[in-house]
Structure formats: C-alpha cells, structure tokens
Enquirer: 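The structure that follows is given in the form of structure tokens.
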Amino acid sequence: MSNINNSDTCNEIVFSSFFKAHSKPLRNFLLYKFGNQEKAEDMAQDAFIKLWQNCSSVPIEKAKSYLYTIANNGSLNEIAHQKVVLQYEKNHLGYDKSIESPEFILEEKEFKNKLLTAIQNLNETQRVAFLMHRIDKKKYAEIAEELNIGVKAVEKRIHLALLQLRKQIDI
C-alpha cells in the first residue's frame, strides 16, 4: 500500500475495503462514548460520508486518523444531548423475566444500575480504554494505536478505571 496515491481513497474498491475494515471498530468506539448503539451507528456513518466527500484530499494512509477525528468531534458536539437520552433509557428499560424471582430481578436491576452509573462516572479517557479492552477484547497496543497514545497510558487508564469501579461498586 506504499504506492497508493491520495486519489486512491476515492477508488470505490479501496474505500469499500477500508469501510469493511474500520466500520465496526469505529462504531464500537462511538458506542463507548455514547452508550447508544443507534447514535453510534449514525455517527460512524456520518464520519464515513465525510471521508468519502473529502476523499480526494485525504490519503488512504491518513484516512483512519481522519475518520476517528471526525467521529470524535461529532461525539463531542452531541455529548450534552446524549446524557439526557442515556438517563431516559436507563429509567425506561423493559424486561420480560417472568421465570426469575422478584428478589433476583430487583438485585440484578440494582447491580446493573450501579455498574452503569459507575461506568458513566469514569472520565471519558478511562471509560473508552476500559470498554475497548473489556468489550472488544482489544489488546493494549491496539487501543494505544486507535487513541494515538502510548501503551503505558492505556495501562494506566484501565488500571485507574478498575480501581474507581471497585470503589464505587464495593466488590
């Protein structure tokens, strides 16, 4: 790929391959920021649309960085509104658990709310690194590359996130 020109980002085959390789990780990255899958998918799609619209000025080597920058900037613009959406979803989830005892359902719901609150209370850098590692099963090096930070910084963020979660959940 070292002989690819800037215009190759506009090549439909190259762009399609790039999309297939990066759409799911980008969506998951945004999911960790928003906590809402539909919003994450919308933001990811918007980022790819902007990349396609500007494909002639973005070399394929810089496309991933460009994509994540666009997505991150879009997420920052939506964060205030999304907090209201997350609070609404947290309070209005419907479950059909007729098999389980009412005590179990109550304990499970309380623990889930406690866990979600604890995760929400993490600062954004810790939350993103923690969820990428625990949900996506990404290695520290992969997380470091996507977030443009060092591996030690990823280790520290995840360590601090775990300490804070343990303190808030009392495990």
Enquirer: Which pairs count as salt bridge (Lys or Arg N to Asp or Glu O under 4.0 Å) when at least one residue sits in residues 12-26, sequence neighbours excluded?
Expert: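 Salt bridge (Lys or Arg N to Asp or Glu O under 4.0 Å) check on residues 12-26 returns no pairs.
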Enquirer: Around Lys64, counting heavy atoms of other residues, nucleotides and ligands shown, do more than 12 lie under 6.0 Å from its NZ?
Expert: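 Yes, because the 6.0 Å sphere around NZ of Lys64 holds more than 12 heavy atoms from other groups.
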Enquirer: May I ask whether Leu106 and Phe111 are part of the same hydrophobic cluster, defined by side-chain heavy atoms of I, L, V, M, F, W, Y residues being less than 4.5 angstrom apart, directly or through others?
Expert: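 No, separate clusters.
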Enquirer: Among residues two or more places apart or on two chains, list those pairs meeting ring pair (Phe, Tyr, Trp, His ring centres under 6.0 Å) that have a residue in residues 151-170.
Expert: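 Listed by first then second residue: nothing to list.
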Enquirer: When you look at Arg134 and Leu162, which way does the side chain to side chain contact (heavy atoms under 4.5 Å, CB included) test go after all the steps?
Expert: CA-CA 11 Å; Arg134 294 298 169 117; Leu162 287 170; 3.5 Å; yes
Enquirer: May I ask you to check whether Glu41 and Gln37 show a side-chain donor-acceptor distance below 3.5 Å?
Expert: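 Side chains of Glu41 and Gln37: pair found under 3.5 Å.
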Enquirer: Which heavy-atom pair separates Trp52 from Cys10 by the least distance, and what is that distance?
Expert: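 Scanning both residues completely, I find the closest heavy atoms to be CH2-O, 3.2 Å.
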Enquirer: Indicate the atoms forming the closest heavy-atom contact of Ala44 with Leu30, along with that distance.
Expert: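 Looking at all heavy atoms of both residues, the shortest contact is N-CD1, 3.4 Å.
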Enquirer: Taking salt bridge (Lys or Arg N to Asp or Glu O under 4.0 Å) as the definition, give me every residue that meets it alongside Glu107, ordered by chain and number, with sequence neighbours left out.
Expert: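 Glu107 satisfies salt bridge (Lys or Arg N to Asp or Glu O under 4.0 Å) with no other residue.
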Enquirer: Which heavy-atom pair separates Ile60 from Thr9 by the least distance, and what is that distance?
Expert: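 So the minimum-distance heavy-atom pair works out to N-OG1, 3.0 Å.
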Enquirer: So which atom in Lys114 and which in Ile169 form the shortest heavy-atom distance, rounded to 0.1 Å?
Expert: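 Nearest heavy atoms, Lys114 then Ile169: NZ-O, 3.6 Å.
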Enquirer: Considering non-hydrogen atoms only, spot the tightest contact between Ala40 and Leu31 and give its length.
Expert: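 The answer is CB-N, 3.4 Å.
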Enquirer: Output the distance between atom CZ (Phe15) and atom CG (Asp8), rounded to the nearest 0.5 Å.
Expert: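 Taking CZ in Phe15 and CG in Asp8, the distance rounds to 13.5 Å.
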Enquirer: Roughly how far, to the nearest 0.5 Å, is the CG atom of Leu116 from the CG atom of Asn121?
Expert: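 Going from the CG atom of Asn121 to the CG atom of Leu116 covers 11.0 Å.
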Enquirer: Could you measure the distance from the CZ atom of Arg27 to the CE atom of Met43? Nearest 0.5 Å is fine.
Expert: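 Here the interatomic distance stands at 14.5 Å.
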Enquirer: Just by modelled atom types, is the Ile13 backbone N or O under 3.5 Å from a matching donor or acceptor in the Ser17 side chain?
Expert: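 No; zero donor-acceptor contacts below 3.5 Å.
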Enquirer: Going only through I, L, V, M, F, W and Y residues with side-chain contacts under 4.5 Å, is there a path from Val58 to Ile49?
Expert: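 Different hydrophobic clusters.
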Enquirer: Going only through I, L, V, M, F, W and Y residues with side-chain contacts under 4.5 Å, is there a path from Leu165 to Val128?
Expert: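 Same cluster.
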Enquirer: Do Asn148 and Tyr68 have a side chain donor and acceptor closer than 3.5 Å?
Expert: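 Not at all, the side chains of Asn148 and Tyr68 share no donor-acceptor pair under 3.5 Å.
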Enquirer: Is it possible for you to say whether Met132 and Val151 belong to one hydrophobic cluster, with membership spreading through side-chain heavy-atom contacts below 4.5 Å?
Expert: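 In one cluster: yes.
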Enquirer: Membership question, hydrophobic clusters at under 4.5 Å side-chain separation (ILVMFWY): are Leu147 and Ile158 in the same one?
Expert: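 In one cluster with Ile158: Leu147, yes.
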Enquirer: Let me confirm one number: the NZ-CD1 distance from Lys112 to Ile105, rounded to the nearest 0.5 Å.
Expert: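 The NZ atom of Lys112 sits 12.5 Å away from the CD1 atom of Ile105.
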Enquirer: How far apart are the C-alpha atoms of Asp136 and Glu142, what are their side-chain angles, what is the distance that settles it, and do they pass the side chain to side chain contact (heavy atoms under 4.5 Å, CB included) test?
Expert: CA-CA 11 Å; Asp136 275 350; Glu142 294 172 319; over 6 Å; no
Enquirer: Rounded to the nearest 0.5 Å, what's the gap from CG on Asn54 to CD1 on Ile70? Could you check?
Expert: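 Asn54 CG to Ile70 CD1: 7.0 Å, rounded to 0.5 Å.
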Enquirer: Relative to each other, are the rings of Phe48 and Phe19 parallel, tilted or perpendicular (30° and 60° limits)?
Expert: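 Perpendicular, since the angle between the ring planes exceeds 60°.
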Enquirer: Using every non-hydrogen atom in the two residues, find where Arg127 and Leu122 come nearest and quote the distance to one decimal.
Expert: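 For Arg127 and Leu122, the tightest heavy-atom pair comes out as NH1-O, 3.1 Å.
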Enquirer: When rounded to the nearest 0.5 angstrom, what is the spacing between CG in Asn28 and CD1 in Ile135?
Expert: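 Rounded to the nearest 0.5 Å, the CG-CD1 separation comes out at 9.0 Å.
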